[in-house]
Amino acid sequence: MKAQVGGYARAEDMAHAIRLLADAEGMGRVLAGGQSLVAALNMGLSFGDLLVDITGLSDLRGVREEDDRLVIGALMRHADVATDPLIARHVPLLAQAAPLIAHEAIRNRGTIGGSLAHADPAAEFPACAVALDAVIRLTGPDGEREVAATDFFRDVFETEMREGEILTGIVVPKTQAGERHVIREAARRAGDYAIAGLAVVIRGGAHRIAAFGTGPTPLLCTVAMERLDAGDVDGAVSALSDALDPPSDTQGSAAYRRHLAGVLLHRIATELGEDV
Ligand SMILES: Cc1cc2nc3c(=O)[nH]c(=O)nc-3n(C[C@H](O)[C@H](O)[C@H](O)COP(=O)(O)OP(=O)(O)OC[C@H]3O[C@@H](n4cnc5c(N)ncnc54)[C@H](O)[C@@H]3O)c2cc1C
């Protein structure tokens, strides 16, 4: 099938991008790496959109330090996230997650902002954002605002972004002394979307666990976190299973996904030297 688009415009700067989206009256679509959007257009899942190409907005590239936080521009490609020295030093979870995404060709074009905005429930970066307690930065016709990652993901492919808004970056707390980051997933083949995955951060002795591929959005598993904080790994696995509401599809049944998530949590706990 051939993609049917309503037009293409390359934004010159942020104000221009916002104007283009506003003028499109609901038919404007931000184009970043195109790795999900172009596939959707080719499948006829979306048509008639004005594609607003933001790849020329240099403000959305790069990583900068803001006191005890790191601001990662929306246009940082997955391959850049994997190798950036500031990310490796201050947010190793994202550096670990990037190579798990798809294949090299996709990682060379797909962007972190696109991944967050697309909100695929099996995607790695949204779960990392939740586990890290990150904040999503948005700019739109009404100015700038920030949304906590824990509030950002609403449903499958649905976020808190309003019409005409552009995701400009993700703000992540820098790692503190003794902080640990781990992401593990189960997929049929390397590069496939995860059937189930967990991103875990231990900060100030407290665990944050975000599950992905196991429900409509990345899920912060609060009861499992409390059990792990108390050193009760089996209790954490059982709480995780209770919290998840996975789909059954061609990749695996809901029961299989729950089981995988439990296995991953056990493995992570072992790796982190918890009592198992
Ligand atoms: C074969 C294949 C396998 C894949 N496997 C994985 C995987 O294992 N894990 C994974 O996480 N992803 C996977 N992906 C998706 C890939 O990571 C995409 O790059 C990512 O989901 C979207 O990023 P993008 O920059 O390409 O966004 P685009 O495709 O350009 O856009 C995606 C959506 O987000 C919106 N958007 C993009 N950027 C912004 C922004 N800054 N502000 C507002 N809206 C925006 C677009 O309008 C569109 O709706 C896979 C893709 C393919 C084709």
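Order of appearance sets the numbers: ligands from 1, and atoms from 1 within every ligand.
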Show your reasoning for whether salt bridge (charged side-chain N to carboxylate O under 4.0 Å, His left out) applies to Glu66 and Arg64.
-> CA-CA 7 Å; Glu66 251 181 28; Arg64 64 174 194 280; 3.3 Å; yes

Between Val172 and Val71, is a side chain to side chain contact (heavy atoms under 4.5 Å, CB included) present by the stated rule, with each step listed?
-> CA-CA 6 Å; Val172 192; Val71 183; over 6 Å; no

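The distance from ligand 1 to the heavy atoms of Ile54 drops below 4.0 Å at these ligand atoms: 41 (N).
On a distance-only criterion, Arg109 and ligand 1 share no N/O pair closer than 3.5 Å. Close N/O approach between Leu37 and ligand 1 is found [any backbone or side-chain N/O within under 3.5 Å]. At under 3.5 Å, a nitrogen or oxygen of Gly34, whether backbone or side chain, sits near a nitrogen or oxygen of ligand 1. Considering backbone and side-chain N/O of Val30, one or more are found under 3.5 Å from N/O of ligand 1. Taking only nitrogen or oxygen atoms, main chain and side chain alike, Ala123 does not reach within less than 3.5 Å of ligand 1. Among the atoms of Leu167, some N or O lies under 3.5 angstrom from an N or O of ligand 1. Inclusion of Met161 in the set of residues having an N or O under 3.5 Å from an N or O of ligand 1 is not warranted.
Judged by distance alone, the side chain of Arg208 and the main-chain N or O of Val130 form a donor-acceptor pair under 3.5 Å. When atom types are taken as modelled, the side chain of Arg258 and the backbone of Leu244 share a donor-acceptor pair closer than 3.5 angstrom. When atom types are taken as modelled, the side chain of Asp80 and the backbone of Arg77 share a donor-acceptor pair closer than 3.5 angstrom. The backbone N or O of Asp67 sits less than 3.5 Å from a side-chain atom of Lys174, completing a donor-acceptor pair. For Thr270 (side chain) and His266 (main-chain N/O), a donor-acceptor pair under 3.5 Å exists by modelled atom type. With Arg61 contributing its side chain and Thr55 its backbone, the two residues share a donor-acceptor pair below 3.5 Å. Asp13 places a side-chain N or O within donor-acceptor distance of the main-chain N or O of His16, the cut-off being under 3.5 Å. With hydrogens and angles disregarded, a donor-acceptor distance shorter than 3.5 Å links the side chain of Gln35 to the backbone of Gly33.
Looking at Phe212, Tyr193, Phe125 and measuring to atom 6 (C) of ligand 1, the nearest heavy atom belongs to Tyr193. Taking all heavy atoms of Gly28, Ala122, Ala102, Gly213 into account, the minimum distance to atom 3 (C) of ligand 1 is reached by Ala102. Relative to atom 9 (N) of ligand 1, the option among Glu124, Arg29, Arg137 with the closest non-hydrogen atom is Glu124.
Taking Ala102 as the reference, Ile106 meet the side chain to side chain contact (heavy atoms under 4.5 Å, CB included) condition, with sequence neighbours excluded. Legend: residues meeting side chain to side chain contact (heavy atoms under 4.5 Å, CB included) with Ala148, ordered by chain and number and at least two apart, are Thr150, Asp151.
In this model, no donor atom of one side chain and acceptor atom of the other lie less than 3.5 Å apart for Arg203 and Thr175.
In terms of protein heavy-atom proximity, atom 37 (C) of ligand 1 is nearest to Gly114 CA, 3.4 Å. Ranking protein heavy atoms by distance to atom 26 (O) of ligand 1, first place goes to Gln35 N, 2.8 Å. Protein heavy atom at the shortest distance from atom 25 (O) of ligand 1 is Thr111 OG1, 2.6 Å. Given atom 17 (O) of ligand 1, the protein heavy atom at minimum distance is His78 NE2, 2.9 Å. Of the protein's non-hydrogen atoms, the one nearest atom 35 (C) of ligand 1 is Ala117 CB, 3.8 Å. Counting protein heavy atoms only, atom 20 (C) of ligand 1 is closest to Ser36 OG, 3.5 Å. Counting only heavy atoms of the protein, atom 24 (P) of ligand 1 lies nearest to Gly33 N, 3.5 Å.
Only the side chain of Ile106 comes within 4.0 Å of ligand 1, counting heavy atoms alone; its backbone N, CA, C and O stay farther away. Neither the backbone nor the side chain of His103 has any atom closer than 4.0 Å to an atom of ligand 1 (non-hydrogen atoms only). Only backbone heavy atoms of Asp192 (N, CA, C or O) come within less than 4.0 Å of ligand 1; its side chain stays farther off.
For the ligand labelled ligand 1, residue Asp120 lies outside the 4.0 Å heavy-atom shell. Not a single heavy atom of Ala39 sits less than 4.0 Å from an atom of ligand 1.
With respect to the salt-bridge test (charged N to carboxylate O, under 4.0 angstrom), the residues Arg257 and Asp249 qualify.
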